Amino acid sequence: MSKQLNVLITGANRGIGLALTRAYLERGDRVAASCRQPAKAAELHALKETYRDDLLILRVDVNLGRSVAAGAEHTEEHFPRLDVLINNAGVAPGRAHDGLEALEMTQVRDAFETNALGPLRTTRAFLGLLRKSKQARVVNVSSGIGSLARKPPEREHYYAYAASKTALNMFTRITASEFKGEGICIVSVTPGWVRTDMGGGDAQLDPAVVAGEMVASIDTLTMEHTSLWLDRHGKVSDYAW
Ligand SMILES: NC(=O)c1ccc[n+]([C@@H]2O[C@H](COP(=O)([O-])OP(=O)(O)OC[C@H]3O[C@@H](n4cnc5c(N)ncnc54)[C@H](OP(=O)(O)O)[C@@H]3O)[C@@H](O)[C@H]2O)c1
């Protein structure tokens with residue numbers, strides 16, 4: 001892909017979002033890197049020193065409709081279109097082994113708010129800019145833990161996180177079918193187990209490597225892929241929905 005892409009990434013201040021931001025900037029694309037607290041996003045400000053014209057740092061809390069709408073307005077002032085939207089921001093409240101009796105319902109609500117409603121809200125707010133791209137792609141960062149067919153092992157429950165990612169996958173399918181006629185490709189992508197604050201230090205995968213693989217596979221997305229659940233290499237995920 002030779003033309004410069006305009007990319008928006010949520011949760012871009014750390015983890016996979018930061019690695020994706022760096023990967024797109026390093027190959028010459030333009031990135032609107034959104035995060036809840038730009039003033040504290042030291043790594044993004046360091047990148048801005050190098051990529052002054054290609055990096056826009058935005059304040060977006062995906063839980064808040066007004067924040068997402070303001071982020072979209074701000075982006076419209078700087079970007080003529082949006083080629084790639086990566087709904088990456090996510091939370092994993094609660095502990096994997098907590099059973100139903102230990103479950104805090106607020107944790108379930110928080111997970112759904114950020115992991116399922118957040119991408120829906122963000123995609124809606126950025127539709128105007130996505131429609132201006134000739135090849136718009138929306139990537140919802142999912143998790144294998146959200147697979148209905150391959151529910152996590154007995155000893156792990158992940159009530160809040162798992163169910164919120166299952167809901168996200170359904171939102172991928174619904175939005176993909178709604179916007180297919182407009183040529184907007186919408187997919188779920190599973191990054192694998194990545195060494196970040198969420199993934200933890202024992203995770204197998206390096207965020208920079210995963211980001212590079214995701215960027216390369218997002219390049220190859222066409223309308224043939226819309227509504228699919230893919231791995232970071234762009235292959236149909238071996239997690240059945
Ligand atoms: N790491 C893994 O092994 C793994 C595996 C499968 C899927 N994933 C998915 O990959 C994505 C990125 O995960 P990660 O490992 O990079 O996690 P991470 O290191 O914990 O980073 C999460 C990011 O999401 C942001 N975020 C949380 N709530 C937000 C909100 N309301 N509005 C805007 N941003 C918000 C965080 O911002 P703050 O700094 O402000 O909190 C942070 O930038 C998530 O969707 C996660 O579910 C990760």
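Just so we're clear, the structure is a prediction, and the values are computed from it rather than from any experiment. Every number for a ligand or one of its atoms is a count from 1 in the order of the listing. Worth knowing before you read on, the calculation uses all heavy atoms, side chains too, and leaves out hydrogens, waters and symmetry mates.
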Does a sphere of radius 6.0 Å around CZ in Arg95 hold more than 12 heavy atoms from other residues, nucleotides or ligands, not counting ones at 6.0 Å or beyond? no

Count the heavy atoms of every other residue, nucleotide or ligand shown that sit under 6.0 Å from CE of Met170, and state whether that count exceeds 12. no

How about NZ on Lys180, more than 12 heavy atoms from neighbouring residues, nucleotides or ligands closer than 6.0 Å, or not? no

Could you point out which residue of Asn87, Leu230, Asn169, Val138 forms a side chain to side chain contact (heavy atoms under 4.5 Å, CB included) with Ser188? Asn169

Set of residues satisfying ring-ring contact (aromatic ring centres under 6.0 Å, His included) with respect to His74, sequence neighbours excluded: His78

Near Glu182 CD, under 6.0 Å, is it more than 12 heavy atoms from other residues, nucleotides or ligands? yes

At less than 4.0 angstrom from any atom of ligand 1, which residues have a non-hydrogen atom? List them by chain and residue number. Gly11, Asn13, Arg14, Gly15, Ile16, Arg36, Val60, Asp61, Val62, Asn63, Asn88, Ala89, Gly90, Val91, Thr114, Val141, Ser142, Ser143, Tyr161, Lys165, Pro191, Gly192, Trp193, Val194, Thr196, Asp197, Met198, Gly199

